[in-house]
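Each ligand, and each atom within it, is numbered from 1 in the order the structure gives. Note that the numbering runs from 1 along the sequence shown for the chain. Note: hydrogens, waters and symmetry copies are ignored here, and every other heavy atom, side chains too, is used.
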Amino acid sequence: MQDRRSPRIGLILSLNSGSSSLKISLYRLSSAQPPVEDHQLNPVSLIITSSISSISSTPAFSFSVVDTSLVSSTVRDVNNEPASDVHDHSTAFAHFLNYLEKETGVDRQRITQACHRIVHGGDYYKPEILTEESYHYIERLSDLAPLHNGTALSVIEACITHLPRANSIAYFDTTFHRAIPAHIASCAIDQEVANKKGLKKYGFHGLSYGYILRAVSRYLEKNPSETNLIVMHLGSGASVCAIQNGQSLDTSMGLTPVSGLPGATRSGALDATLIFHYTHRAGRISHDKSLATPVGVTEAENILNTKSGWSAMTGTTDFGVVTSQRSTDSKSALAFDLFVDRILDYVGAYYVKLGARVDALVFSGGIGECGAELREAVVERCACIGFVLDRAKNNSVDGVEGKVVEIGVKEKGEKRVLVCRTDEQLEMARQCALNPEFWE
Ligand SMILES: Nc1ncnc2c1ncn2[C@@H]1O[C@H](COP(=O)(O)OP(=O)(O)O)[C@@H](O)[C@H]1O
Ligand SMILES: CC(=O)OP(=O)(O)O
Ligand SMILES: [Mg+2]
């Protein structure tokens, strides 16, 4: 069992285990007073930010000191340096911790809260301090988030071992989507089976959507509870969310993150029976039982989660590469056009579901933040519903440090088009700072 409370002097480490990356940020509380909920104010202040990207292909390490009042300003910033000792998320965490202690001298004992992004929270909707019970519950949900929950648990284990003074607290992607109405979250199957087994739309990227909602509503000078958005979180895993009056109305991922849009290695939504026809032999099941080779659930999930998406279509998991080689490579051109098509499926549907009352169309995630060509291809097709791209603004977004950037034309009452650099680590740290349960 871990200590439930820590003094208000400790540091907060936020760890975001994505499918292709581990993003880590270290914060201190902005004031020693218990902070109050105020969407204009930030209760935490960033000290260090770091990431290990492309963990399963060519791991690259970045590290940057933001607040030099706690850390020497002579610490070298690292930008996408190869990290050959990184093989998975727990070795990525070890790489970070090594660098932190060796180069900055920050004492790990000062970290009293370790906030972890957990993609599938099942029936957990509030942040949970990791105990034997919550650990095993999250572990059982690994089948429903095969690329995420297990890796996040490996980072939690490393934190429990290497940060003995810190509470490990789980924050769930699914929490934000709890508001989705039953008729949208339910599946058209036997409701007894659905209820017994929890078969419904959970939705993911919720920490990101929570952060974006606050950042964008502040930018638009609106109250979050009166803000309506269509947000695209496009990273190694990609999803779209319709936000109505500050709450999730619908999102494209479902029971698991494999549904909805395709991703780096994921198929996205398919005809549910496609997998039975994926191999030649499996397709014969109904005709000739002697030739039948059933595709097991585990194998099917493996194909849809790890052997599909950009990787299967083009040979690279990096959508930046898909984008740049599409003029010379027909496979990449197909993948790019297919992604635009699937995004439009959701943008169009959500525009109607929101009754055309949309304050902004928002791009986010690695592809949404860096992929000017993808943004252009999507927004051009949305001109018919009032979103008009300013090409010059769109092309100058890359490298802009601001959190929310305008890329639409807005002179004649056109609807807003924005890019928002998401920050799931900050979302967790903010929630942690505001929760008196975790502090003395
Ligand atoms: N310039 C770019 N154009 C398009 N996509 C890019 C570009 N730079 C990075 N990306 C994409 O962003 C992805 C990472 O997104 P991110 O949201 O950080 O991932 P994760 O899902 O692991 O959190 C990379 O796999 C890459 O495909
Ligand atoms: C839910 C999900 O796919 O997350 P990520 O994009 O971080 O892998
Ligand atoms: Mg991510």
- Counting heavy atoms only, which of H233, R117, K23 comes nearest to atom 4 (O) of ligand 2? R117

- Query: Do any heavy atoms of A264 fall under 4.0 Å from ligand 1?
  - Reply: no

- Message: To the closest 0.5 Å, what do you measure between CG (L153) and OG (S168)?
- Response: 10.5 Å

- Ranked by distance from atom 5 (N) of ligand 1, the top protein heavy atom is G320 N, 3.3 Å

- Among K410, R416, K222, which one satisfies salt bridge (charged side-chain N to carboxylate O under 4.0 Å, His left out) with D359? K222

- Message: If the cut-off is 4.0 Å to any non-hydrogen atom of F319, which atoms of ligand 1 fall inside it?
- Response: 4 (C), 5 (N), 26 (C), 27 (O)

- Query: Just distances here: any N/O of S20 and N/O of ligand 2 closer than 3.5 Å?
  - Reply: no

- Message: Taking 4.0 angstrom as the limit and counting only heavy atoms of F204, give me the atoms of ligand 2 inside it, by number and element.
- Response: 1 (C)

- Any residue meeting salt bridge (charged side-chain N to carboxylate O under 4.0 Å, His left out) with D67, in chain and number order, not counting sequence neighbours: R28

Sequence neighbours excluded and cut-off under 3.5 Å, please list the side-chain donor-acceptor pairs for residues 11-18, or say none.
unit_1, atom_1, unit_2, atom_2, d
S14, OG, Q425, O, 2.9
N16, OD1, R117, NH1, 2.9
N16, ND2, E424, OE1, 2.8
N16, ND2, Q425, OE1, 3.4

- Item | Close N or O approach (G365, ligand 1; < 3.5 Å) | no

- Query: So, is S236 polar-close to ligand 1, with some N/O to N/O distance under 3.5 Å?
  - Reply: yes

- CD1 of I118 to CD1 of I156: how many Å apart, nearest 0.5 Å? 4.0 Å

- Starting from atom 8 (N) of ligand 1, find the nearest protein heavy-atom neighbour and note its residue, name and distance. C370 CB, 3.7 Å

- Query: When you measure from atom 16 (P) of ligand 1 to every protein heavy atom, which one gives the shortest distance, and what is it?
  - Reply: K23 NZ, 3.5 Å

- Which of the atoms of ligand 2 are close to S19, meaning less than 4.0 Å from one of its heavy atoms? 5 (P), 7 (O), 8 (O)

- Note on the structure: atom 11 (C) of ligand 1 has as its nearest protein heavy atom I367 CG1, 3.6 Å

- Message: Does any part of the side chain of V347, heavy atoms only, come nearer than 4.5 Å to the side chain of R381, both counted from C-beta?
- Response: no

- Message: Please report whether ligand 1 has a polar contact with D318, defined as an N or O pair separated by less than 3.5 Å (distance criterion only).
- Response: yes

- To the nearest 0.5 Å, what is the distance between CD1 (I243) and CG (L249)? 10.0 Å

- For the residue pair Y209 and H205, does the interplanar ring angle fall in the parallel (under 30°), tilted (30 to 60°) or perpendicular (over 60°) class? perpendicular

- Message: Under a 4.0 angstrom heavy-atom cut-off, which atoms of ligand 1 come close to S21?
- Response: 20 (P), 22 (O), 23 (O)

- Counting from 1, what ligand 1 atoms have a heavy atom of G371 closer than 4.0 Å? 3 (N), 4 (C)

- Which of these, E424, H120, H205, has its nearest heavy atom closest to atom 6 (O) of ligand 2? H205

- Message: I need the H89 NE2 to H148 NE2 distance, nearest 0.5 Å.
- Response: 7.5 Å

- Message: What protein heavy atom lies closest to atom 9 (C) of ligand 1? Include the residue and the distance to one decimal.
- Response: G366 O, 4.2 Å

- Query: Are T323 and E373 close enough that a side-chain donor and a side-chain acceptor fall under 3.5 Å?
  - Reply: no

- Query: Has K102 got its NZ or CZ under 6.0 Å from the middle of the six-membered ring of Y99, at an angle within 45 degrees of the ring axis?
  - Reply: no

- What do you reckon, does G237 have a nitrogen or oxygen under 3.5 Å from a nitrogen or oxygen of ligand 2? yes

- Item | ligand 2 contact by H148, heavy-atom criterion under 4.0 angstrom | yes

- Message: Counting only nitrogen or oxygen atoms and a 3.5 angstrom limit, does D173 reach ligand 2?
- Response: no

- Query: Quick one: nearest non-hydrogen protein atom to atom 22 (O) of ligand 1, plus distance?
  - Reply: S20 OG, 2.7 Å

- Angle class for the F336/F319 ring planes (parallel below 30°, perpendicular above 60°, tilted otherwise)? parallel

- Taking only heavy atoms of M253, which atoms of ligand 2 are found under 4.0 Å from at least one of them? 3 (O)

- Just how far is it from atom OG of S267 to atom CD1 of I275, taken to the nearest 0.5 Å? 8.0 Å

- Note on the structure: For G237, the atoms of ligand 1 under 4.0 Å from one of its heavy atoms are 21 (O)

- Within reach of ligand 2, part of R266 (heavy-atom separation under 4.0 Å): side chain

- Query: Centres of the H120 and F204 rings: under 6.0 Å?
  - Reply: yes

